[in-house]
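Reviewing the structure listed below.
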There are 2 protein chains.
Amino acid sequence: MNERAGPSPKEDGDQPIVFIVDDDASMRRALTNLFESVGLKVEAFGSAPQLLQTKPPEVPSCLVLDIRLPGTSGLELQTDLAKANIHTPIIFITGHGDIPMTVRAMKSGAIDFLTKPVRDQEILDAVQAAIERDRKRRDLYKTVSDVRSRFESLTSRERDVLSLVTSGLMNKQVAAQLGLAEITVKIYRGQIMRKMGAKSLADLVRMSEALGIRPSKPDVQT
Amino acid sequence: MNERAGPSPKEDGDQPIVFIVDDDASMRRALTNLFESVGLKVEAFGSAPQLLQTKPPEVPSCLVLDIRLPGTSGLELQTDLAKANIHTPIIFITGHGDIPMTVRAMKSGAIDFLTKPVRDQEILDAVQAAIERDRKRRDLYKTVSDVRSRFESLTSRERDVLSLVTSGLMNKQVAAQLGLAEITVKIYRGQIMRKMGAKSLADLVRMSEALGIRPSKPDVQT
DNA sequence: GTACGGGACAAACCTAGGTATAGCTCGTCT
DNA sequence: AGACGAGCTATACCTAGGTTTGTCCCGTAC
């Protein structure tokens, strides 16, 4: 069913995966067939703990959850995943949901909440949108965590200088604030540019924005 | 009921307003009393067109909408407001809502969706959260639109230079790309700094980020 | 103890950024 | 026609940014 023919090193490069969690085996089968019919990889589980035992996916993916699951409910699973810092987009499916449930799920970031019977096109669209969102989220995350790891390679003094420089101060002002000589700041600044991989001050400013190193305000003078 | 005593110039400085749209007069009264009891200003309407006739508020505010309204439904009103570029947070109240309605409302940005009977504390919390969100939205909007109006005072050449400078190019590189002399770029650059009210290149980069003037990527070299 | 890395600084040197003054063309508004 | 603003440039001058080479102190890991 799933066309994985053993340890083939290529092939699953960026192939998205749909995870299904539903206690109803016939539902799992139906959804699996549906998703595979449009070329998506699928992994299906009967309960929340089974899903949690697998390692978080490294490719764009989404979850299709029945809200009523034995043991951990779909909503609890959503909370647990959020706590575990796993932000795979979730699509809920429900037979007997109510409005407060829906609101809670949507407020917690669910991308859709479908009621049974689910039309094929409806859930395919939802899955497509969810995977697209996850792809974007992953792209952003990759960029930011790359910058963060560079930032962590800075010494504490270099970080001091970074934050003052990106806040717009001149070298001499940075030096004054840190009680250093201007030449020292210049040297640190060069080291920062190299370690951060920034080609220009503009790059550095953007990186520090991404890291959340804010000075005060998008400072404007009248 | 509404304690506005004529044209008093002070008093409504940043006083938030709750707008209510509900065709049930007794419900309007109950909600109005509830909100006023905690010191909130209230304006209540019986239908969507009545609300649309008033000018968009200039203070943090939120909407409390019954989803079933005569004529334009709550959901349609939400869409209309979005089209009119009015992004006041919306709290829906419903007696007989269903899940697809809820999902649609939440996907379109509603902050909450409550079912009757509504507990007092529940809706007060929702209103508080909505007003807080609107306050933040307004703050951000004010900052960005200030920057945008400065940007609009730039000549087209100045804008060219701005985008290349904030993308990290040196003056001579900007000059080469635009077919100008370096000195010309320097002079435009100075004019840009003055017109934009930027105290430093870092400021200018942040402003261009806020304006969505992106070069390509948070450019990193390995 | 010594080797190593962080932190700090200096002299010398070069490039980049930025201002003031002045002068030119071109199109448009009056 | 004349004034005006955008666009463009030059000379001259000054400040800010940035690298290289070399030196010193200190704490810690081996």
Side-chain angles (χ1 to χ4, degrees), chain A residues 148-209 211 213 215 218-222, chain B residues 148-209 211 213 215 218-222:
Chain A
R148 196 176 307 281
S149 76
R150 286 163 186 268
F151 176 73
E152 269 149 19
S153 79
L154 299 182
T155 66
S156 77
R157 232 20 178 168
E158 284 165 356
R159 290 176 200 194
D160 293 344
V161 172
L162 171 61
S163 90
L164 293 175
V165 163
T166 54
S167 82
L169 298 185
M170 289 185 309
N171 288 342
K172 64 166 79 161
Q173 296 173 310
V174 175
Q177 275 212 22
L178 297 178
L180 298 175
E182 192 183 343
I183 182 69
T184 311
V185 173
K186 286 184 180 181
I187 288 166
Y188 287 159
R189 191 167 169 162
Q191 286 166 358
I192 292 165
M193 295 298 281
R194 237 170 298 119
K195 286 191 181 178
M196 295 298 288
K199 291 199 313 302
S200 63
L201 177 59
D203 278 357
L204 201 64
V205 171
R206 268 184 283 267
M207 287 180 190
S208 75
E209 285 285 286
L211 291 170
I213 302 173
D219 227 330
V220 174
Q221 61 194 356
T222 324
Chain B
R148 196 176 307 280
S149 78
R150 286 163 187 268
F151 176 73
E152 269 149 20
S153 79
L154 299 182
T155 67
S156 78
R157 235 13 181 172
E158 285 165 353
R159 291 176 200 193
D160 294 344
V161 171
L162 171 61
S163 90
L164 293 175
V165 162
T166 54
S167 82
L169 297 185
M170 291 185 307
N171 288 342
K172 63 166 81 163
Q173 296 173 311
V174 175
Q177 275 213 22
L178 297 178
L180 298 176
E182 192 183 342
I183 183 67
T184 311
V185 173
K186 286 184 180 181
I187 288 166
Y188 287 160
R189 191 166 169 163
Q191 287 167 357
I192 292 165
M193 296 297 282
R194 236 171 299 119
K195 286 189 181 178
M196 295 297 289
K199 292 198 313 303
S200 62
L201 178 59
D203 278 357
L204 200 65
V205 171
R206 270 184 283 267
M207 288 178 188
S208 75
E209 285 285 287
L211 290 170
I213 302 174
D219 226 330
V220 173
Q221 62 194 355
T222 324

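Chain A is the first sequence line, chain B the second, and so forth, proteins listed ahead of strands; every chain is numbered from 1. The structure displayed is predicted, hence computed values, not measured ones.
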message = Distance check needed: D:dA16 C1' versus B:Met170 CE, whole Å only.
response = 15 Å

ask   = Whole Å only: how far is the CG atom of B:Leu201 from the C1' atom of D:dT15?
value = 16 Å

task = Measure from the side-chain heavy atoms of B:Ser156 and tell me the nearest of D:dT19, C:dA16, D:dG7.
result = D:dG7

remark   = B:Arg194 CZ to C:dA20 C1', in whole Å, measures 11 Å

query = Shortest non-hydrogen contact from B:Glu209 to A:Arg206?
reply = OE2-CD, 3.2 Å

remark   = Between B:Leu204 and B:Thr166, the two heavy atoms sitting closest are O-CG2, 3.9 Å

key: Donor-acceptor under 3.5 Å (B:Lys199 side chain, A:Gly168 main chain)   = no

key: Among C:dA8, D:dG7, C:dT19, the one nearest A:Arg157 by side-chain distance   = C:dA8

ask   = NA contact type, A:Thr155, heavy-atom cut-off 4.0 Å: base, sugar-phosphate, or nothing?
value = sugar-phosphate

key: Rounded distance (Å) that lies between atom C1' of C:dG7 and atom CD1 of A:Ile192   = 13 Å

task = Look at the side-chain N and O atoms of A:Asn171 and state whether any lies under 4.0 Å from the OP1 or OP2 oxygen of D:dA16.
result = no

ask   = For the pair made of CG in B:Leu178 and P in D:dG7, what is the distance, rounded to whole Å?
value = 12 Å

note = Here the pair of heavy atoms bringing A:Leu154 nearest to A:Met196 is CD1-SD, 4.0 Å

inquiry  = Please confirm whether the shortest side-chain N or O distance from B:Tyr188 to OP1 or OP2 of D:dA6 is below 4.0 Å.
reply    = no

remark   = Taking D:dT11, D:dG18, C:dA8 as options, the one with an atom nearest any side-chain atom of A:Arg189 is D:dG18

query = Which of the following nucleotides, C:dG18, D:dG18, C:dT21, is nearest to the side chain of B:Ile187?
reply = C:dT21

query = Between A:Arg159 (CZ) and C:dG7 (C1'), how many Å, whole number?
reply = 15 Å

request  = For A:Lys172 and C:dG17, give me the distance from atom NZ to atom P, rounded to whole Å.
outcome  = 17 Å

inquiry  = Quick check against the 3.5 Å criterion: does B:Gln177 have a side-chain atom that pairs as donor or acceptor with the backbone of B:Val174?
reply    = no

query = Which nucleotide in the list C:dA8, D:dA16, C:dA16 gets nearest to the side chain of A:Thr184?
reply = C:dA8

key: Whole-Å distance separating the CD atom of A:Gln173 from the P atom of D:dT15   = 15 Å

inquiry  = Regarding B:Leu180, tell me which of base, sugar-phosphate or nothing describes its non-hydrogen contacts under 4.0 Å with the strands shown.
reply    = sugar-phosphate

inquiry  = Closest-nucleotide mapping onto DNA chain D: is B:Ala181 or B:Lys195 further toward the 5' terminus? I mean the 5' end.
reply    = B:Lys195

task = Specify the residue among A:Glu158 and A:Lys186 whose closest nucleotide of DNA chain C lies further upstream toward the 5′ end.
result = A:Glu158

message = Of the listed nucleotides (D:dA12, D:dT20, C:dG6), which one gets closest to any side-chain atom of B:Ile183?
response = D:dA12

